[in-house]
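Contents: one structure, followed by commentary.
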2 protein chains.
Amino acid sequence: MLSNSLMKKNPRTRDLEKTRSEILNAAFDQFFRNGFHATSLDQILAQTNLTKGALFHQFSSKLDLGYAVVDEVLTKMIADRWIDPLSAFENPLMGVLHQLHLNIGKASQRNLNLGCPLNNLVQEMSNSDQKFQRHLSAALKFWIEGIESHIERGKKNGFIKASADSRAVAEYIVMSHEGYYGLIKGLRNKGIFKALVAGLEIYFGTIAANSPKK
Amino acid sequence: MLSNSLMKKNPRTRDLEKTRSEILNAAFDQFFRNGFHATSLDQILAQTNLTKGALFHQFSSKLDLGYAVVDEVLTKMIADRWIDPLSAFENPLMGVLHQLHLNIGKASQRNLNLGCPLNNLVQEMSNSDQKFQRHLSAALKFWIEGIESHIERGKKNGFIKASADSRAVAEYIVMSHEGYYGLIKGLRNKGIFKALVAGLEIYFGTIAANSPKK
């Protein structure tokens, strides 16, 4: 989809978008590995073939780049990993469990040691920059609202009890994801994932409708 | 208890213990407010009436002080806030909910914005110092095992189903605490606490025994 839309644009616009995406991906990667404060613009540029001029043409500061990473990279990642795939599941609760197994259960301990990229930035940046906090909070809301809409669908299709509070269920699901990442990172033990996800399955059992409509 | 044991010691030992505790409390406070990396030893000392010499007499480096904060301040805080008070409850699940309401539900948004001191250090330090990671992981295990022993008691007293896996329940409870702190910090909205704790109550409902022994 991206490549189609790029093809319709003039080469100048296409280059700018390509450069922007290259910088954003490198920045995401470095922030995820080292944290925001411990990452320099030079480290980010070293992962690309671009100059500082190219970076400053699009981002006025490291903070400005940080906000864009949240809005453009992290939000897309949340959609790709946790929200959009649920559409393939008639019962969204099965989709949530499937994505958890795929994205956490099957991830390497090495990757899980890095934690959740969104949660890491929340921990590091929420209190040091108010604007960062607002971008991070918006990304969390985007995640909760995305899950909420699938829970609503599950209620309409009769997989989830009509009495369940869709927003509260979505908040509980996102809280669990952040809790899983935090505890697995802290304990260096993805072995506990099974017990953690079993707890969520028990909770899902209590909000699942007894006989889904077909 | 501390003052009794201090009184039996000679003045020199007493002074060393008092100094140690003063430094540890100031260090905890500064790490919690600013993060570990962003805190200087001067900032910590400024909160006390002590000299750098007094600090280095007991701690060989800022990292060494960090490990001691985890082992001596954080672990005690976990015991005081989340484990020991459960003894007052016949049903430990009621105790867990009570402490959540007390320590999170009744906390100010301002305090909750700082997050969980343990989770903050896990996020910041787990990947930058292996020894820090081991101390943090030990503190998390101390928390999980403390809760686990109360869950075991709840099973013996007939408040919790004998079929419940005490360790898994304890892991799920600690995961939830970290998830609550993370999400409330990220969203700057303690209003969601009610929905989050309702999810845990639903889970507790599924492991509660139907008719507790008296």
Side-chain angles (χ1 to χ4, degrees), chain A residues 33-35 37-38 113-116 118-124 126-128 130 133-134 136-141 143-144 164-165 167-189 192-200 202-207, chain B residues 33-35 37-38 113-116 118-124 126-128 130 133-134 136-141 143-144 164-165 167-189 192-200 202-207:
Chain A
R33 276 168 211 288
N34 318 313
H37 284 120
N113 289 349
L114 293 173
C116 164
L118 175 56
N119 201 30
N120 292 354
L121 284 174
V122 164
Q123 294 299 328
E124 185 183 358
S126 280
N127 292 321
S128 62
Q130 279 204 345
Q133 191 280 316
R134 286 197 295 273
L136 292 165
S137 172
L140 278 169
K141 276 188 200 135
W143 190 353
I144 292 168
D165 176 340
R167 179 67 176 213
V169 172
E171 287 165 350
Y172 194 73
I173 288 172
V174 171
M175 176 286 292
S176 302
H177 285 57
E178 296 302 30
Y180 294 171
Y181 273 114
L183 202 57
I184 293 171
K185 176 176 180 170
L187 290 171
R188 289 291 192 266
N189 174 14
I192 61 160
F193 173 71
K194 220 176 132 182
L196 296 181
V197 92
L200 192 63
I202 289 173
Y203 168 77
F204 282 177
T206 67
I207 59 168
Chain B
R33 277 166 212 288
N34 318 314
H37 284 120
N113 289 349
L114 293 173
C116 164
L118 175 57
N119 201 30
N120 293 354
L121 283 175
V122 164
Q123 295 300 327
E124 185 182 358
S126 280
N127 292 320
S128 61
Q130 278 203 346
Q133 190 280 316
R134 287 197 294 273
L136 292 165
S137 171
L140 278 168
K141 274 186 200 135
W143 190 352
I144 291 169
D165 176 340
R167 179 68 175 213
V169 172
E171 286 165 350
Y172 194 73
I173 288 171
V174 172
M175 176 287 290
S176 302
H177 285 58
E178 296 301 29
Y180 293 171
Y181 273 114
L183 202 57
I184 292 171
K185 176 175 179 170
L187 290 172
R188 288 290 191 269
N189 174 15
I192 61 160
F193 173 71
K194 219 176 132 183
L196 296 180
V197 91
L200 193 64
I202 289 173
Y203 168 77
F204 282 177
T206 67
I207 58 167

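Here is the naming used below: chain letters follow the sequence lines, and residue numbers restart at 1 for every chain.
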Find the one option among [options] whose heavy-atom pairs under 4.5 Å with chain A are most numerous.
options	answer
B:Ala168, B:Gly186, B:Ala195	B:Gly186
B:Glu171, B:His177, B:Lys194	B:Glu171
B:Gly199, B:Gly115, B:Gly205	B:Gly199
B:Asn120, B:Asp165, B:Asn127	B:Asn127

Heavy-atom distance under 4.5 Å to chain A: side chain of [X], backbone, both or neither?
X	result
B:Leu200	both
B:Leu114	both
B:Glu124	neither

Side-chain donor/acceptor of B:Ser126 to backbone N/O of B:Val122, under 3.5 Å: yes
Greatest number of heavy atom pairs closer than 4.5 Å to chain B - which of [options]:
options	answer
A:Leu121, A:Asn34, A:Asn113, A:Leu118	A:Asn113
A:Ile207, A:Leu196, A:Thr206	A:Leu196
A:Arg167, A:Arg188, A:Glu178	A:Arg188

Considering non-hydrogen atoms only, spot the tightest contact between [X] and [Y] and give its length.
X	Y	value
A:Tyr172	B:Ser176	OH-OG, 4.5 Å
B:Leu187	A:Gln133	C-NE2, 4.4 Å
A:Tyr180	A:Val197	OH-CA, 3.6 Å
B:Ile144	B:Ala170	O-CB, 3.4 Å

Side-chain heavy atoms of A:Ile173 within contact of A:Phe204, under 4.5 Å: yes
Gap between atom CD1 of A:Ile192 and atom CG of A:Leu183 - 0.5 Å precision: 4.0 Å
